[in-house]
Structures are given as structure tokens and as C-alpha cells.
Amino acid sequence: MPDTPIRHAVLLFAMQDEALPLIRRLELDDKGHLAPPMPMRWFDGRVADLRVDVVVLGSDRRFGVDCIGTQPAAIAAQLVFDKLKPDLLINAGTAGGFIQRGGSIGKVYLTGGPFYFHDRRIPLAPFEPYAEGGWTLSNNAAAWVDTLGLEQGVVSSGNSLDMNADDAERIERFAAHAKDMEAAAIAWVADQHQQPMIAVKAITDLVDGEHPTHEEFERNLHTASDALSEAVERLLRLLAA
Ligand code: SAH
């Protein structure tokens with residue numbers, strides 16, 4: 001992707017609880033819905049000379065929970081490119097990690113890719129690479145990782161919090177460090193627009209650990225979201241400098 005100067009960054013979060021620490025830290029203004037009737041919420045503000053917007057997927061009209069997963073994430077990304085036109089799109093959120101690849105609770109990965117899908121099974125030759133993706137959408141991520149003392153990683157996305165044997169086989173083949181439910185969907189949209197995108201993911205649960213994912217997720221969501229907002233703020237200050 002072209003290295004354009006970054007004057008405007010948009011952060012896309014799936015869940016409100018992931019985003020709130022940063023919204024408070026940066027004292028962003030609540031701008032309401034980004035594009036009614038869609039549920040995405042919009043907040044804006046500045047970090048020094050950098051314009052910063054936060055978009056959160058919002059809460060589901062029918063079920064009243066956060067709109068996690070790929071289709072709200074893709075629609076949010078499209079709305080962001082269409083309406084906000086950032087120089088850099090950052091998907092910030094939590095993810096499952098892997099002990100066997102150095103993962104631990106609260107660890108933060110910053111990556112420009114590759115972003116894969118692990119739950120799209122289309123065994124028709126030309127569609128297999130399409131199904132798995134593997135987009136890389138930033139050349140700058142490695143330098144930011146070094147400056148901020150974070151780690152680069154491979155992110156793999158799917159629409160389930162758990163992981164079946166087929167998902168596990170792909171995640172192993174991709175050597176993924178972070179398992180989430182949005183990044184690859186956002187990456188596909190960024191690739192259509194030929195715009196840079198990175199992900200910053202804090203680990204809430206260890207997929208290959210001994211505790212059930214959903215229990216670990218709930219226990220660690222706030223700690224991980226604090227670590228996430230701290231890392232994201234440091235990144236924004238670096239971009240603003
Ligand atoms: N149980 C939670 C819902 C969490 S869903 C609740 O009660 O609110 C998981 C969200 O966090 C998704 O947006 C996803 O991107 C991320 N996530 C964290 N850990 C994950 C994992 N192990 N697998 C997939 N997504 C994960």
C-alpha cells in the first residue's frame with residue numbers, strides 16, 4: 001500500500017466495552033449513529049494534529065447485543081471509507097491467543113497482515129485462496145511495532161468464538177497469533193479500496209490453554225481492553241508526532 005502521510009486515523013472496534021477506555025482516555029465526542037438505520041456508532045476528536053475517529057459496530061436492533069462478526073464489520077469498513085475517508089484504518093479489539101506461539105493474556109499485537117479467514121471452506125480450486133484471503137495492507141506496521149515495543153502477528157478471523165477441527169487446521173497452517181471475528185472482513189474491504197489497514201489486538205483468552213474461551217474472555221475483557229487502549233494511544237501519539 002502507498003505510504004501516504006497520516007493526518008486522519010479511524011479506529012474500528014467491534015464491542016463497546018473494548019472501545020470505551022480509549023473514548024474516555026481521548027475525550028472523544030459522541031456523534032451518534034454513523035449511518036442510520038445501521039447500528040454503527042461514531043466518536044471523534046484529535047490527538048495533537050491527528051484527526052481521530054472511533055467507530056463501534058453498535059448494538060443489534062433485535063437481540064440487543066454488540067454486532068460482533070464479519071458482516072457488520074465489513075459494512076462498517078465500507079461506511080468508514082465512504083464517509084470518513086481515513087489515511088489509515090485501524091481495527092482495534094480483543095482476540096484469542098496461542099500459548100504455543102508465545103501468546104499470553106493482555107499481550108498486544110500490531111500487524112499489517114496477513115489477515116486470513118479460517119472458517120470459509122470452499123473446496124473448488126480457484127475459490128480456495130479466495131476463501132482463505134491472506135491480505136497484507138500496510139508496509140509501515142513493522143516500524144511501528146519496533147518503536148512501540150509491541151509484536152507483529154498473523155490474524156485469523158471467523159464467525160465463531162469457539163474453534164472446530166477444520167478451523168484449527170487452518171489456524172495452524174496460517175501460524176496465527178490472534179483469532180478474532182472481524183479483521184479479515186475489514187481487510188477485504190480495505191483491499192477493494194486499495195487503502196492501508198492495520199490491526200491492534202489484545203489477547204483476552206488462550207485458545208490452546210486449559211480454560212473455556214467464553215469464561216476466560218469475560219474474566220479478561222477489561223484488563224485486555226485497558227492494555228489495548230494504552231497501546232492504541234501510544235500508536236496515535238507516534239502517528240501524530
Ligand atoms: N462473550 C462475550 C462475547 C465475545 S465475542 C460477551 O459476553 O460479550 C468475541 C469478540 O472478541 C469478537 O468481536 C472477537 O473479535 C473477539 N474475540 C476475543 N477472543 C476471541 C476468540 N477466542 N475467538 C474469536 N474471537 C475472539
Side-chain angles (χ1 to χ4, degrees), residues 11-22 39-41 54-60 62-77 89-111 113 115-120 133 153-172 174-189 197-229 231-232:
L11 292 138
L12 184 49
F13 287 88
M15 301 179 71
Q16 172 153 310
D17 282 349
E18 293 168 337
L20 277 180
L22 187 78
M40 292 83 202
R41 303 289 303 256
V54 165
V55 172
V56 182
L57 297 181
S59 103
D60 185 89
R62 180 161 174 216
F63 299 101
V65 296
D66 288 322
C67 291
I68 59 176
T70 58
Q71 85 276 19
I75 288 171
L89 177 60
I90 304 167
N91 172 216
T94 60
F98 297 85
I99 298 168
Q100 53 166 332
R101 281 184 282 279
S104 56
I105 302 294
K107 184 164 184 171
V108 179
Y109 293 96
L110 186 160
T111 179
F115 299 107
Y116 289 103
F117 283 111
H118 55 254
D119 68 348
R120 304 206 302 182
V154 173
V155 181
S156 188
S157 308
N159 270 307
S160 298
L161 186 60
D162 71 359
M163 178 175 79
N164 68 19
D166 288 315
D167 299 341
E169 180 275 314
R170 284 176 179 74
I171 285 172
E172 189 65 35
F174 305 152
H177 299 83
K179 171 179 177 283
D180 83 338
M181 299 174 66
E182 293 87 16
I186 297 165
W188 180 81
V189 179
M197 174 219 157
I198 63 169
V200 184
K201 297 277 162 174
I203 301 304
T204 38
D205 52 272
L206 294 163
V207 177
D208 53 357
E210 59 193 47
H211 306 289
T213 295
H214 59 284
E215 283 174 17
E216 222 179 3
F217 177 91
E218 278 163 4
R219 194 163 52 240
N220 296 317
L221 177 60
H222 292 284
T223 328
S225 298
D226 287 342
L228 178 67
S229 70
V232 168

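Here, residue 1 is the first one in the sequence, and each next residue gets the next number. Ligands are counted one by one from 1 in listed order, and the atoms in each one are counted from 1 as well.
- With hydrogens and angles ignored, the 3.5 Å screen pairs no side-chain donor or acceptor of Asn91 with any backbone N or O of Ala199.
- Looking only at heavy atoms of the protein, atom 3 (C) of ligand 1 is closest to Phe217 CE2, 3.8 Å.
- When heavy-atom distances to ligand 1 are checked against a 4.0 Å cut-off, Ala95 comes that close only through its backbone atoms N, CA, C and O.
- Contact annotation: for His214 versus ligand 1, there are no heavy atoms closer than 4.0 Å.
- Remark: minimum distance from atom 7 (O) of ligand 1 to any protein heavy atom is reached at Glu218 OE2, 3.3 Å.
- At least one side-chain heavy atom of Leu228 sits under 4.5 Å from a side-chain heavy atom of Val200.
- Looking only at heavy atoms of the protein, atom 19 (N) of ligand 1 is closest to Asp205 OD1, 2.8 Å.
- Taking atom 15 (O) of ligand 1 as the reference point, the nearest protein heavy-atom neighbour is Glu182 OE1, 2.5 Å.
- The structure places OG1 of Thr213 at 9.0 Å from CG of Leu206, a figure rounded to the nearest 0.5 Å.
- With rounding to the nearest 0.5 angstrom, the CE atom of Met181 is 6.5 Å from the OG atom of Ser160.
- Here the side chain of Asn220 pairs a donor or acceptor atom with the backbone of Thr204 at under 3.5 angstrom.
- Checking side-chain atoms of Asp226 against main-chain N and O of Thr223 turns up no donor-acceptor pair under 3.5 Å.
- Listed by number with element, the atoms of ligand 1 under 4.0 Å from a non-hydrogen atom of Ala14 are 13 (O).
- Protein heavy atom at the shortest distance from atom 25 (N) of ligand 1 is Met181 CG, 3.3 Å.
- Side-chain contact between Leu57 and Asp66 is absent, with no heavy atoms from C-beta onward closer than 4.5 Å.
- Of all atoms in ligand 1, numbered sequentially from 1 with element shown, those under 4.0 Å from a heavy atom of Thr204 are 18 (C), 19 (N).
- Nearest heavy-atom pair, Gly158 versus Asp119, reported as atom, atom and distance to 0.1 Å: CA-OD2, 3.3 Å.
- Considering only non-hydrogen protein atoms, atom 26 (C) of ligand 1 sits nearest to Lys179 O, 3.5 Å.
- The single protein non-hydrogen atom nearest to atom 5 (S) of ligand 1 is Ile68 CD1, 3.2 Å, given as residue, atom name and distance.
- Short contacts between ligand 1 and Thr213, defined as distances under 4.0 Å to a heavy atom of the residue, involve ligand atoms 22 (N).
- The shortest heavy-atom contact between Arg101 and Tyr109 is O-OH, 4.2 Å.
- The line from CD of Glu18 to OG1 of Thr94 is 4.0 Å long, rounded to the nearest 0.5 Å.
- Summary of contacts: the protein heavy atom closest to atom 11 (O) of ligand 1 is Thr94 OG1, 3.1 Å.
- The atoms of ligand 1 that sit less than 4.0 Å from any heavy atom of Met15 are 8 (O), 10 (C).
- Note: an N/O pair closer than 3.5 Å links Gly96 and ligand 1 by distance alone.
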